[in-house]
Amino acid sequence: AAYGAAGAFRRLSLMEAATGEGRRTLTLDPAAAAAIARAAEAAYPNEACGLLIGHAEARGWRVTDAVAGANVHPEPHHRFEVDPRLVFEWMRKLRGGPSSLIGHFHSHPDGRAEPSATDGASAYDRNAIWLIAAVSAGRIGAIRAFRLGRGPQGAFVEIPTVSGRT
């Protein structure tokens, strides 16, 4: 399934199906999932955010680490912006190594683990993984992964997520 900027579902396009976009998976290592959960619960009722560290694999991506960062957006209850200093710090740290910055995570306080209209309006990097964590009453719920689709409207496409090794 895929989500438009307003959260509407759509089917994968023929191009996405032909290129394997709909068959790729995201493997989320347990330590990364735990870091996302801690950050999301600690930030509640504001949106948590941070970086996803990992690498591409034959059938998708693996997130090996999640680095929580400050949400520097002036409206942190409804929006997020990862501190750019954290982004540049990790880009430098990872330079030349086997892992890279493959995306970011953020939480939706008392919301669903799916892209919002605000997410759709601010998304631009088709290579970035968007991990979204639902938090209800301060407790972590679902964590789901998305990318911008390759179609002309740029709707989000959900990436099936599996738990990885520790």
Side-chain angles (χ1 to χ4, degrees), residues 1-5 7 9-10 12-13 15-17 19-40 43 47-71 73 79-84 86-91 93-95 97-108 111-135 140-151 153-166:
Y3 304 83
F9 289 92
R10 72 167 178 79
L12 292 177
S13 71
M15 178 183 286
E16 290 164 338
T19 61
E21 186 75 24
R23 294 189 305 272
R24 295 180 183 175
T25 61
L26 179 91
T27 303
L28 181 60
D29 285 357
I36 293 166
R38 281 192 305 274
E47 289 195 14
C49 61
L51 306 175
L52 301 174
I53 311 301
H55 56 270
E57 295 185 317
R59 298 202 36 97
W61 306 268
R62 177 177 291 276
V63 175
T64 55
D65 197 11
V67 180
N71 182 349
H73 197 282
R79 300 172 189 257
F80 80 98
E81 180 180 346
V82 179
D83 187 337
L86 182 71
V87 175
F88 292 122
E89 173 189 341
W90 277 91
M91 288 173 74
K93 282 182 182 182
L94 297 167
R95 191 177 299 144
S99 294
S100 62
L101 189 97
I102 63 170
H104 58 268
F105 72 87
H106 73 283
S107 62
H108 283 175
R112 296 164 52 142
E114 63 184 42
S116 65
T118 300
D119 294 334
S122 62
Y124 62 90
D125 184 352
R126 293 189 186 281
N127 295 313
I129 305 293
W130 284 63
L131 225 65
I132 303 174
V135 184
I140 193 71
I143 299 175
R144 294 168 61 196
F146 303 86
R147 285 183 75 199
L148 280 177
R150 302 283 179 204
Q153 295 178 336
F156 282 98
V157 176
E158 184 166 9
I159 305 167
T161 305
V162 297
S163 180
R165 63 185 179 272
T166 56

Asker: Under 4.5 Å between any side-chain heavy atoms of T161 and R144, yes or no?
Answerer: no

Asker: Please examine the side chains of H108 and E47, heavy atoms only from C-beta on, and report whether any two atoms are closer than 4.5 Å.
Answerer: yes

Asker: Of the non-hydrogen atoms in P115 and I132, which two are nearest, and what is the gap between them?
Answerer: N-CD1, 3.5 Å

Asker: If you take all heavy atoms of F156 and A123, which pair is closest and at what distance?
Answerer: CZ-CB, 3.7 Å

Asker: Which pair of heavy atoms, one from T27 and one from S163, lies closest together, and at what distance?
Answerer: CG2-C, 4.2 Å

Asker: If you look at every heavy atom in F80 and H73, which pair is closest and at what distance?
Answerer: C-CB, 4.0 Å

Asker: Give me the atom names and distance for the closest heavy-atom approach of A40 to S107.
Answerer: CB-CB, 3.8 Å

Asker: Would you say R147's side chain and R126's backbone share a donor-acceptor pair under 3.5 angstrom?
Answerer: yes

Asker: With a 6.0 Å cut-off on the ring centroids, do W61 and H55 count as close?
Answerer: no

Asker: Can you tell me how far CH2 of W90 sits from CG of L51, rounded to the nearest 0.5 angstrom?
Answerer: 8.5 Å

Asker: In Å and rounded to the nearest 0.5 Å, what is the OG to CE distance from S100 to M91?
Answerer: 10.0 Å

Asker: Rounded to the nearest 0.5 Å, how far apart are CG of L52 and CD1 of I36?
Answerer: 5.5 Å

Asker: Roughly how far apart are T118 OG1 and R79 CZ, rounded to 0.5 Å?
Answerer: 4.5 Å

Asker: With L131, which of L26, I159, I102 fulfils side-chain contact (heavy atoms from CB on, under 4.5 Å)?
Answerer: L26

Asker: Considering all heavy atoms of both residues, which atom of E81 and which atom of N71 are nearest to each other, and what is their separation?
Answerer: N-OD1, 3.1 Å

Asker: Main chain of I53, side chain of S99: is a donor-acceptor contact present, judged purely on distance under 3.5 Å?
Answerer: no

